[in-house]
Amino acid sequence: MATSTLEESFKENPQSLQHILPIDFHLIQEVPNSHLWPNINNSPINHDDKNPNVPIIDLLAPNVVELIGHACKTWGIFQVVNHGVPIEFFDEVESQARRLFALPAEQKVKVVRSTSGATGYGTARITPFFSKFMWHEGFTIMDSPLDHAKELWPHDYQEFCDVMENYQKKMKALSIQLWLLILNYLQPSQEHLINSFEFTQALQLNSYPCCPNPNHALGLAPHTDSLFLTILHQTNNTKGLQILKKDQGWTSIAPISNDALIVNVGDLLHILTNGEFPSVYHRVLVDQTKHRVSLAYFFGPQVDSTIVPLVSFDKNVGVVVPKYRKVKVKEYLSLKAKHLEKVFSLIRS
């Protein structure tokens, strides 16, 4: 089963409980030293900023294959509209996520992620790589959250489970639609790629509580995502996500509408495209007055899959040399769990 194999891949790199359990944000009046970042390189958030030229892609556009391919190649991130998921559905998921994060800390700790686990309540998995903690709490789901939901709401868990399972189904269908469009752009003549992967998924509910000192705290530290694609819904129509764009520095990505979804390229798609699609380096800022919640859906191949860079033929240089060696997904995730962004240097061919 895809989810169990993805979950298994985290067991080889256990984390200490101090790097998993968030502080009780309900009790905090000021940012403690443990969460104070001295150099965020950020001016105060201006919510009236013009959105940068991040591609906005209408999935009903006749030239959607070229639009997505160009967006992946030049930005590694884009927004999609006309994706077929009704706005009311996002409201349901956000409502259930807020219901979870509003629980008392002593309740949430009942479902804290185990030291060798992948699902449940806790901080971001990248936490051990940084000297400061992040202004963030999360809840990770792989398929069904039933066991955890029963712990949180012994007599009222079914609605949470139904909403989260339905959201994963809708996001998986959208991910496969995007995946096929990307493959059509990359290798229109190689249909075998369409059926060469079995897929796995994870849903991350993110909470960024109101922060007394948002210019010296980070919601998520800079990182890339590991799998093929991430589909992000930022609730409240508020910005927080920033990408590091060459020649522009840190650039905020605000949702253009409440039902727009942000899609970004992850490491494994970067490797598969032989570096043609950038894996987006991104971080999340926090806000003084708004408690932000976001929904991040991660889509990729099962951990037993092998990623082999696609190389093309260039008439000037002949066959393009692979930049990376072939790598099993499980090996890649294990390497990244130990080395974070240095991982690419370890798999160069």
Side-chain angles (χ1 to χ4, degrees), residues 21-28 35 45 47 79 83 85-105 107-109 111-113 119-127 133-142 145 148-149 152-153 157 159-168 170-171 201-212 214 217-221 223 225 230-242 252-264 282-298:
L21 193 60
I23 58 172
D24 186 351
F25 291 102
H26 295 308
L27 300 178
I28 298 296
H35 290 66
I45 306 168
H47 290 288
Q79 300 202 45
H83 45 66
V85 183
I87 191 168
E88 299 78 20
F89 190 61
F90 296 116
D91 294 340
E92 281 182 30
V93 185
E94 177 184 354
S95 174
Q96 291 298 322
R98 289 186 180 277
R99 176 187 173 204
L100 186 155
F101 292 121
L103 290 170
Q107 191 74 358
K108 290 182 284 194
V109 78
V111 295
V112 71
R113 192 173 73 233
T119 59
Y121 176 71
T123 60
R125 296 198 69 87
I126 58 174
T127 298
F133 287 89
M134 289 159 255
W135 203 259
H136 166 270
E137 54 182 343
F139 186 80
T140 308
I141 301 167
M142 294 180 184
H148 286 140
L152 294 171
W153 305 285
Y157 57 83
E159 186 181 8
F160 181 86
C161 293
D162 291 346
V163 168
M164 295 304 161
E165 288 171 24
N166 199 10
Y167 188 73
Q168 289 176 93
K170 282 181 164 46
M171 289 301 104
Q201 64 180 352
L203 174 61
Q204 174 79 14
L205 311 179
N206 294 306
S207 164
Y208 305 101
C210 300
C211 180
L218 268 180
L220 281 181
H223 66 288
D225 294 336
T230 302
I231 302 179
L232 180 75
H233 185 258
Q234 296 192 88
T235 64
N236 288 354
N237 201 17
T238 56
K239 69 173 68 171
L241 176 68
Q242 289 192 322
S252 291
I253 310 294
I256 54 168
S257 63
N258 280 330
D259 63 340
L261 292 167
I262 297 168
V263 181
N264 68 266
H282 58 282
R283 69 182 188 180
V284 177
L285 304 181
V286 290
D287 193 282
Q288 193 159 1
T289 59
K290 292 179 180 174
H291 174 197
R292 291 183 58 256
V293 170
S294 73
L295 318 167
Y297 176 85
F298 303 101

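Counting begins at 1 with the first residue of the sequence.
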Closest non-hydrogen contact found for Leu103 with His26 is O-NE2, 3.7 Å
Under a 3.5 Å cutoff, is there a donor and acceptor pairing between the side chains of Gln234 and Ser294?
no
- Message: More than 12 heavy atoms of other residues, nucleotides or ligands under 6.0 Å from CD of Glu159: yes or no?
- Response: no
Less than 4.5 Å apart, side chain to side chain, heavy atoms only: is that true for Ile141 and His148? no
Open item on the list: Is it the case that the side chain of His233 and the backbone of Ile231 share a donor-acceptor pair, with hydrogens and angles ignored and the cut-off at 3.5 Å?
Closed with: no
To the nearest 0.5 Å, atom CZ of Phe25 lies from atom CG of Leu27 at 11.0 Å
*asked:* Between Pro22 and His136, is there a side-chain heavy-atom distance shorter than 4.5 Å?
replied: no
**OP:** Apply side chain to side chain contact (heavy atoms under 4.5 Å, CB included) to Ile23 and Phe133, showing your working.
**Re:** CA-CA 9 Å; Ile23 58 172; Phe133 287 89; over 6 Å; no
*Which of parallel (below 30°), tilted (30 to 60°) and perpendicular (above 60°) describes His83 and Phe90?*
perpendicular
- Quick one: are Glu165 and Pro145 in side-chain contact, heavy atoms under 4.5 Å? yes
(request) Evaluate side chain to side chain contact (heavy atoms under 4.5 Å, CB included) for Tyr167 paired with Val85, printing each intermediate quantity in order. (result) CA-CA 9 Å; Tyr167 188 73; Val85 183; 5.6 Å; no
**Message:** Whether the Gln168 and Tyr297 side chains hold a donor-acceptor pair (N or O, under 3.5 Å, no angle test) is what I'd like checked.
**Reply:** no
Handout entry: Close side-chain approach of Asn264 and Leu232, heavy atoms under 4.5 Å
Key = no
Note, Arg125 side chain near Arg113 side chain (heavy atom, < 4.5 Å) | yes
Within the structure provided, determine whether Leu205 and Gln96 are in side-chain contact (heavy-atom separation under 4.5 Å).
no
Rounded to the nearest 0.5 angstrom, the SG-CG distance for Cys211 and Asp287 is 9.0 Å
So OH of Tyr157 and CG of Asp162: to nearest 0.5 Å the spacing works out to 10.0 Å
Rounded to the nearest 0.5 angstrom, the CD1-CD distance for Ile87 and Glu92 is 12.5 Å
One should read off an interatomic distance between Ile262 CD1 and Ile256 CD1, to the nearest 0.5 angstrom, of 9.0 Å
So Trp135 and His35, would you call those rings parallel, tilted or perpendicular, with 30° and 60° as cut-offs? perpendicular
CG (Leu295) and CG (Leu261) are apart, to the nearest 0.5 Å, by 9.0 Å
task = Could you tell me whether the side chain of Met164 reaches within less than 4.5 Å of the side chain of Phe139, counting heavy atoms only?
result = no
Take the angle between the ring planes of Tyr121 and Phe101 and call it parallel below 30°, perpendicular above 60°, tilted in between. tilted
Note to self: Do Leu241 and His282 have side chains that approach each other closer than 4.5 Å (heavy atoms only, starting at C-beta)?
What the structure shows: yes
